[in-house]
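Everything below concerns the one structure shown next.
Chain A is the first sequence line, chain B the second, and so forth, proteins listed ahead of strands; every chain is numbered from 1. We use all heavy atoms of the structure for the numbers below, so side chains are in, but hydrogens, waters and symmetry mates are not.
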2 protein chains.
Amino acid sequence: MGEPRWLDEREAHVWRAFLALQRELTGALERGLVRDSGLSNADYSLLVPLSEAPDGLLRARELGMRVGWERSRLSHQVKRMEKRGLVVREECAEDARGSMVRLTPAGRAAIGAAAPGHVDSVRRYLFDVLSREELDVLGRAFDRVLARIAADDDEADPTR
Amino acid sequence: MGEPRWLDEREAHVWRAFLALQRELTGALERGLVRDSGLSNADYSLLVPLSEAPDGLLRARELGMRVGWERSRLSHQVKRMEKRGLVVREECAEDARGSMVRLTPAGRAAIGAAAPGHVDSVRRYLFDVLSREELDVLGRAFDRVLARIAADDDEADPTR
DNA sequence: ATTACTTTGGTGACGCATCAACAATGGAGG
DNA sequence: CCTCCATTGTTGATGCGTCACCAAAGTAAT
């Protein structure tokens, strides 16, 4: 074991800034989305891949993989969205276990109304204040961290 | 109005990587914390400033400001933690409206047991794969985005 | 075909987060 | 003092996210 290595000043600063960024940016985007279109971040996350799919139709499993969610989370969210008329669940022809999620006209209208403002917000908060060089550094850094986490997960459960 | 400016390829990549990073990193840290010490991220967030305060005692308002939470969120979380014996609420002598939050011995033991492993996780996932130059870029970029969000909030409600 | 295992999805319970509403105190100005 | 307002904190309702568990259907081995 030995003495744990605490974060040095530079690391602590980046870490606390990351936590604050997560909190503030996610919060600001969510508030804007709710205010302008009545959609939550979770709604928006699902509406994007659905709106890009042919006929606004996706297998639940496929939708979950595209947004990186587990089955349970997806199921709960789809249920809430179905109750509000944004999507409908349908049975899957090829695989009787499966479930299809289809965008309704109301859902398509909602994402269409919300997207421009949301993208504007992301641009205003994030990309307007970052240089092209910084974007490159961020992109590479984020990818490396993601690869590290994925590798660590594999080590914990190689079968997945 | 006019046509919305969508994200270019570089921006879209960074944005999706950021969303994935948020999801995966937060999730991995939370799972490790729960597995190793039975604490959630929310618990940990509050235990850190409390453990650094004299006598493990902080005014609720002060605690909320240190972690960047609103009053309601803090109140709910403190209630849950009090039920598990990690903290206790006490009345505030100087201001009868106020409420003090005090770390219990069990709470201090919990953060002491959890912190080394948690810091190790942050280091392993994040700082082990980032260079010193990247840290500098990240720190400056994050700060600039935070300043932008804060400025935008002020514009929306200058009284705050 | 039967058994065993995996994949897919749903459900209930509980913790977390936000919002609106409320209560109580503190403080400033008449 | 008293009125008005801001500050501090709590609560209940609701949405979000995870976990443990279950059920049904596919799939592979015997």
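- Looking only at side-chain heavy atoms (C-beta outward), A:L58 and A:V101 stay at 4.5 Å or farther from each other.
- The minimum heavy-atom distance between B:P116 and A:W6, with the atom names listed, is N-CH2, 4.2 Å.
- Within the structure, salt bridge (Lys or Arg N to Asp or Glu O under 4.0 Å) contacts touching residues 104-113 of chain B (residues at least two apart or in different chains) do not occur.
- B:R84 CZ: more than 12 foreign heavy atoms inside a 6.0 Å radius.
- With a 4.5 Å cut-off on side-chain heavy atoms, B:V137 and A:E133 do not count as touching.
- Residues A:L39 and A:V34 have side chains not in contact (no heavy-atom distance under 4.5 Å, counting atoms from C-beta outward).
- Screening residues 7-45 of chain B for ring-ring contact (aromatic ring centres under 6.0 Å, His included), with sequence neighbours left out, gives B:W15-B:F18, B:Y44-B:H118.
- Bounding nucleotides for the chain B contact on DNA chain C, 5' to 3', at a heavy-atom distance below 4.0 Å, are C:dG15 to C:dG26.
- The stretch residues 90-114 of chain A comes close to DNA chain D through A:D95, A:A96, A:R97, each having a heavy atom under 4.0 Å from the strand.
- Taking every heavy atom of residues 22-38 of chain B and every atom of DNA chain C, no pair lies under 4.0 Å.
- A:L74 places a side-chain heavy atom less than 4.5 Å from the side chain of A:L46.
- Annotation for A:E134 and A:L130: closest pair OE1-CA, 3.4 Å, computed over non-hydrogen atoms.
- Applying the salt bridge (Lys or Arg N to Asp or Glu O under 4.0 Å) test to residues at least two apart or on different chains, the pairs with a partner in residues 58-67 of chain B are B:R59-B:D95, B:E62-B:R66.
- Counting only residues at least two apart or on different chains, no ring-ring contact (aromatic ring centres under 6.0 Å, His included) pair has a member in residues 71-102 of chain B.
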Identify every side-chain donor-acceptor pair in residues 85-93 of chain B under 3.5 Å, counting partners at least two apart or on other chains, and give the distances.
{"residue": "B:R89", "atom": "NE", "partner": "B:E82", "partner atom": "OE1", "Å": "3.3"}
{"residue": "B:E90", "atom": "OE1", "partner": "B:R102", "partner atom": "NH2", "Å": "3.2"}
{"residue": "B:E90", "atom": "OE2", "partner": "B:R102", "partner atom": "NE", "Å": "2.6"}

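- At a threshold of 4.0 angstrom between heavy atoms, the contacts of B:R84 with the nucleic acid are absent.
- Residue B:L7 is grouped with residue A:F142 when hydrophobic side chains (ILVMFWY) are merged at heavy-atom distances under 4.5 angstrom, including chains of intermediate members.
- Hydrophobic cluster membership for A:M100: A:L57 (Ile, Leu, Val, Met, Phe, Trp, Tyr linked by side-chain heavy atoms under 4.5 Å, directly or transitively).
- Chain A approaches DNA chain D over the interval D:dG15 to D:dG26, counting the first and last nucleotide 5' to 3' with an atom under 4.0 Å from its heavy atoms.
- For the segment residues 54-77 of chain A, residues with any heavy atom less than 4.0 angstrom from an atom of DNA chain C are, sorted by number, A:R59, A:A60, A:R61, A:R71, A:S72, A:S75, A:H76.
- For the salt bridge (Lys or Arg N to Asp or Glu O under 4.0 Å) test, no residue two or more places apart in sequence or in another chain qualifies with B:R140.
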